[in-house]
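Notes follow once the structure below has been shown.
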Amino acid sequence: MAHQADAKRALDERGYQGVLIRGDNPLKLFEKPVRDRIVDSYYWKEQCFGLNAATLLDRAVELSFIGGTYGIAQKPTPFLCLAFKLLQITPDREIILYYLEHAGDEFKYLRALAAFYIRLAWEKDEEVYTTLEPYLADFRKLKRRTRESWTLTHMDEFIDDLLVKNRVCATTLPKINPRTFLEDEGKLEERVSPLGEELDELDRDDDDEGERSEGEVEELEVNGNGHQDSDSRRSAEDDEMNDAD
Amino acid sequence: MSERKGAYGAKSASDTSFRKTWDREEYAAKAAERDQKAKEEGKARHEAAAAGKKYIRRASTPEDAKDTEARKARLNVADQVGKTQLVAAGAGQGKRGKSAGFYCDACDLTFKDNLQFVEHLNSRQHLVATGESGEVRRATLDEVKERFEYLKRKREEEKARETVDLGTRIQVAAEQAEREREEKRRKRNEKRRKTKDGKGVEEIKVENDGIIC
Ligand SMILES: [Zn+2]
């Protein structure tokens, strides 16, 4: 089994014969202008040519930030290019899970990359939730390149973004049913937050001491989707940038 | 017309003779360079064998010839940075032979910038010339695991080296600081011991637990 060294053939509209995701060429999960910028980028031409799921690791472990496109020319980040490469080679599911679970412990940007891919490429909503949610307990820092600058985020926030936002890293995410809907349908169990115990403890502490500041409690509130509400940590300015990137 | 003259009035007509020589020299230089490269690789191979290791040309990939593989390292663009090179006008699509710029050995073509060079390396023309299919073999989970373990090891080794480096640097800095302290102490003492008549330090001895006599 083999795939092409670049995406030329896969991007040729006249007769795509590869793997379909959501009934279409997976590369089309990225919008046309973004696709064009990726395949025109030097990083893509030099670093992504000829990668397979094993050699892609060489590049992924070098990642030092996430992000979509940046600068006036809207250059794609290496993160975005590698995500595109993954869509081109559509590695076996077990490989993606290996990236996410095992290799991701060591290399956090690889975990972020695998999570992004899963959110884009996996078709069963409930699997996306159950596979990604454990990493809402991964609080490692991630650097994010925005259109004009840099911001700091965390793995849990990034995962949360993937599950609740429409647009992440210059990409419109495929539609996903809200968690509560899937729970009502009986497709998902209610999520027990790993913070649950801590929340209880916090409540107890509150009762005991009665002097904890509002802000601290607010950080740990749980939103309607059963995810930790990370928005409270983020500034409004940052949100604005998320839409732009 | 009496006799043919060279462009610079030389008696002999062979005004291109110098050029032939130059070509020969260039080819000789090229060959020497190739030999040198082969020698270096041979040496690396030998050293690796002596150390009981397998020589791997570049870290990343198993030695399959047919499939197209990812580049093992960044293209060495930095080498060219800051160098002024004269490039023939319109050399955009690659120029036959080796000249200033980025040279492809397999195709004997020179490109004026790294973008054109990398585009060439990805091109069908180049793949055919190097006997590659342009197809990449899919990796198995085991290969992915192996690659990951290798990269993890590599990173740990780098970290360890950095730690050693840091340790060495700290030690060196400490020794340096100690030397500086000593020097200061010496100067201070010298100043303090200097007598009014300027006879200096040698007349004053420190004896009996530092009591100055
Ligand atoms: Zn070539």
Side-chain angles (χ1 to χ4, degrees), chain A residues 1-10 18-19 39-64 75 78 81-82 85-86 88-111 113-114, chain B residues 56 58-78 102 111 113-128 130-159:
Chain A
M1 276 214 294
H3 47 76
Q4 292 295 302
D6 60 24
K8 267 187 210 117
R9 195 180 294 175
V19 179
V39 298
D40 278 344
S41 73
Y42 187 72
Y43 184 85
W44 174 261
K45 288 172 182 173
E46 193 209 304
Q47 297 287 296
C48 300
F49 186 82
L51 294 180
N52 66 18
T55 50
L56 184 134
L57 286 173
D58 293 29
R59 310 292 187 255
V61 304
E62 297 290 330
L63 287 176
S64 57
K75 261 181 83 167
C81 292
L82 290 181
K85 193 73 197 181
L86 283 177
Q88 188 211 324
I89 65 185
T90 52
D92 298 341
R93 186 189 169 89
E94 51 188 2
I95 291 177
I96 294 294
L97 285 173
Y98 184 78
Y99 287 176
L100 180 82
E101 291 164 358
H102 187 74
D105 271 345
E106 194 73 23
F107 300 105
K108 56 187 178 178
Y109 291 100
L110 176 61
R111 172 167 293 165
L113 183 67
Chain B
I56 299 164
R58 279 165 289 186
S60 133
T61 330
E63 296 181 17
D64 276 2
K66 278 288 172 202
D67 295 314
T68 291
E69 293 172 353
R71 263 173 273 289
K72 281 88 179 175
R74 304 288 321 240
L75 290 176
N76 195 356
V77 174
F102 297 83
F111 298 85
D113 63 40
N114 57 327
L115 179 62
Q116 286 178 5
F117 183 51
V118 87
E119 282 172 350
H120 166 73
L121 295 180
N122 295 352
S123 72
R124 188 120 289 273
Q125 180 199 10
H126 177 79
L127 295 177
V128 169
T130 50
E132 287 176 56
S133 61
E135 289 199 334
V136 182
R137 201 173 43 78
R138 282 185 81 84
T140 63
L141 178 61
D142 280 343
E143 285 168 329
V144 170
K145 285 180 177 172
E146 208 172 290
R147 194 91 209 120
F148 165 73
E149 291 300 336
Y150 162 75
L151 291 165
K152 191 177 154 191
R153 240 180 4 252
K154 199 170 119 192
R155 191 166 86 156
E156 277 159 7
E157 280 165 13
E158 274 161 15
K159 251 192 216 157

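We name chains A, B, ... by the order of the sequence lines, and we start the count at 1 in each one.
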#### Entry: Other residues, nucleotides, ligands: >12 heavy atoms within 6.0 Å of A:Lys108 NZ
yes
### Task
Please look at A:Phe49 and chain B and tell me whether the side chain, the backbone, both or neither of the residue comes under 4.5 angstrom of a heavy atom of that chain.
both
### Message
Can you tell me which of A:Glu94, A:Glu106, A:Lys8, A:His102 forms the most heavy-atom pairs within a distance under 4.5 Å of chain B?
### Response
A:Glu106
### Message
Looking only at the aromatic ring of each residue, does the gap between the centers of A:Tyr99 and A:Phe107 stay below 6.0 angstrom?
### Response
no
### Query
Parallel, tilted or perpendicular: which fits the ring planes of B:Phe111 and B:Phe117, with parallel below 30° and perpendicular above 60°?
tilted
### Task
State the CG-CZ distance between B:Leu151 and A:Arg59, to the nearest 0.5 angstrom.
10.5 Å
### Task
Below 4.5 Å from any heavy atom of chain A, which atoms of B:Glu146 appear? Answer side chain, backbone, both or neither.
neither
### Query
So which of B:Asn122, B:Leu115, B:Leu127 has the biggest tally of heavy-atom pairs under 4.5 Å with chain A?
B:Asn122
